[in-house]
Structure formats: structure tokens, C-alpha cells
Amino acid sequence: MALRAAAAGRIPVAPRGLRAVFYSFSANVPLYQPRTRPPPEPSTNLYVSGLSRHTTSESLRNAFAEYGEVLDARVLTDGITGYSTCCGYVRYQTMEESAAGLEAMDGQFLDGLVIVAEYAKPKPRHLALEDDYPAGGYGLASVLDMSI
């Protein structure tokens, strides 16, 4: 009788075995926490993903050129096969043109696949390339500065 009531969900049953261990650790912590990212700042550069393997820089330029003057369009390619890595960048002349290109091409078909267009995030700066960053290790500069 108690088993039928537990199976019906009327009586709460504590987990047993290995589930009990994980249940005790995660009782107050949700198992899935989605990451929320702030949207990138509007810019003249657009990041385009979901491209076909056969999309070229020229076809990407032609698709986005309808909405403004495209300064540069490039599809990132694999160094060995030469095929597209399914993403690329488009750079417009002005912010208004890039906004028009983003609105028009996001979610559209290009070479048989639906593409996703968004504003490109700025490339992060590398601290080791800064002049005032103290370089560590035993590189050539460290060896030359050593006094023997």
C-alpha cells in the first residue's frame, strides 16, 4: 500500500544510493544556470555565422552589398581544406548601413542555410603586447638584460 502511494506521488520518497549524495550537494543549487551575455555594442562590423562550407567571401559580399557599401567581407576558412569554417565578418562604411544589413540578413537563407548576423565583439587586447606590462620568464629580452 505504501509503495502504491509513493509511486502515485502522494508520499515523498528520499533518494537512495548515489542519487542521495548528489541530491544533498545540489539541493540548493539549480542544475542548469543559463549564461546571460550582454549584447555587443553596435559597430560597423558584423559577425555572420551559420554559413555553408561552400560560401565564399565574394558571395558574402554580394549578399550584404544590397543594404549598403561593404568595405570588407571575409569568410574564415580552414587552412588545410580551404573550406569555410561557417563564419565570417562583414564591414560596412557607416553604422546606419550596418544596422540595415543586420536587420535584413539576420535569419535569411544564404547558400541553402539560415545565417545569423550580429554585431561583432571587439578583439580583446593581449596584455603581453603592452609596453608597460612586465614580461616574465626567460625570453630573449630577459637574457639580454642579465649581467654576467
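Values below: every heavy atom of this structure, side chains too, minus hydrogens, waters and symmetry copies. Worth saying up front: this structure is predicted, and the values here are computed from it rather than measured.
Tyr92 places none of its side-chain heavy atoms less than 4.5 Å from the side chain of Glu69.
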Can you give the donor-acceptor pairs under 3.5 Å from side chains of residues 107-119 to other protein atoms, not counting sequence neighbours?
| unit_1 | atom_1 | unit_2 | atom_2 | d |
| --- | --- | --- | --- | --- |
| Asp111 | OD2 | Thr55 | OG1 | 2.8 |

Quick one: side chains of residues 60-67, donor-acceptor pairs under 3.5 Å with protein atoms, not counting sequence neighbours, listed by atom name and distance.
| unit_1 | atom_1 | unit_2 | atom_2 | d |
| --- | --- | --- | --- | --- |
| Arg61 | NH1 | Val70 | O | 3.1 |
| Asn62 | ND2 | Glu58 | O | 3.2 |

Using a 3.5 Å cut-off and no angle test, enumerate the donor-acceptor pairs between side-chain atoms of residues 98-105 and protein atoms at least two apart in sequence or in another chain.
| unit_1 | atom_1 | unit_2 | atom_2 | d |
| --- | --- | --- | --- | --- |
| Ser98 | OG | Ser43 | O | 3.0 |
| Ser98 | OG | Met95 | O | 2.8 |

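Annotation for Pro40 and Lys121: closest pair CB-CG, 4.0 Å, computed over non-hydrogen atoms. Closest approach of Ala73 to Ser57, counting heavy atoms only: O-CB, 3.5 Å.
To the nearest 0.5 angstrom, Gln93 atom CD is 4.5 Å from Leu71 atom CG.
Tyr47 shares a hydrophobic cluster with Leu76, Tyr89; the chain of contacts runs through ILVMFWY side chains whose heavy atoms sit under 4.5 Å apart.
With sequence neighbours left out, the side chain to side chain donor-acceptor pair (under 3.5 Å) criterion links Thr44 to no other residue.
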